[in-house]
Amino acid sequence: MLYHVVALDVWLADPDRPYAPPSLAKGGSVHCAVNEEAVLAAANRFHRQAAGPLVALLIDETRLDAPVEWVVAKPESPSPKKPGTPIPCVRGPINRRAVVGLMDVARDDEGRALALVPRG
């Protein structure tokens, strides 16, 4: 399972089209994570100032139309904790059928991500 953090309103904005965040146009990939710790680190680094709710997309790698490339994270990357550990990058838009669920990113009053919780 791959995870990707996104503002809920962005995910819901165009449900009939594949999800293509700005990172895809800018860097050629959709950056993902493989565990909750990495998701929370990414949420804190890149989405702490987001005004609305955040969600983690649960992505079934076997359902993706785009390939996944495992790359070594740059030292300044929030994920992973161990230098040299590869992270998944989807090299194209996320087709919606590959997203098998969503989890809410619970945050404190200052926007810090605390946990992933089931939607409901």
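Keep in mind it's a predicted model, so treat the numbers as computed, not measured.
Among all heavy-atom pairs drawn from L12 and P15, the shortest one is O-CD, 3.4 Å. Taking all atoms of both residues into account, the shortest heavy-atom contact from H47 to R107 is O-NH1, 3.3 Å. Between Y19 and H4, the shortest heavy-atom contact is OH-NE2, 2.9 Å. Nearest approach of I87 to C32, heavy atoms of both residues: CB-O, 4.4 Å. Summarising the geometry of P18 relative to P93, their closest heavy-atom pair is CB-CB, 3.7 Å, with the distance given to 0.1 Å. Scanning both residues, D104 and P118, for their nearest heavy atoms gives OD2-O, 4.2 Å.
Checked against side-chain contact (heavy atoms from CB on, under 4.5 Å), V100 has the following partners two or more places apart in sequence or in another chain: M1, L58, D60, R63.
In this structure, the side chain of H31 does not engage the main chain of S23 through any donor-acceptor pair within 3.5 Å. Panel note: side chain N44, backbone A113; a donor-acceptor pair is recorded below 3.5 Å. Side chain of R17 to main chain of N95: no donor-acceptor pair is present (N/O by atom type, distance under 3.5 Å, no hydrogens or angles). Between the side chain of N35 and the backbone N or O of E37, at least one donor-acceptor pair lies under 3.5 Å. A donor-acceptor pair under 3.5 Å links the side-chain atoms of E36 to the main chain of L116, judged by distance alone.
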Q.
Applying side-chain contact (heavy atoms from CB on, under 4.5 Å) to C89 and V30, what does each step give before you reach the verdict?
A. CA-CA 5 Å; C89 294; V30 180; over 6 Å; no
(Q) For a side-chain contact (heavy atoms from CB on, under 4.5 Å) check, start with the C-alpha distance between L102 and L57, then their side-chain angles and the critical distance, and finish with the verdict. (A) CA-CA 5 Å; L102 301 175; L57 307 180; 3.2 Å; yes
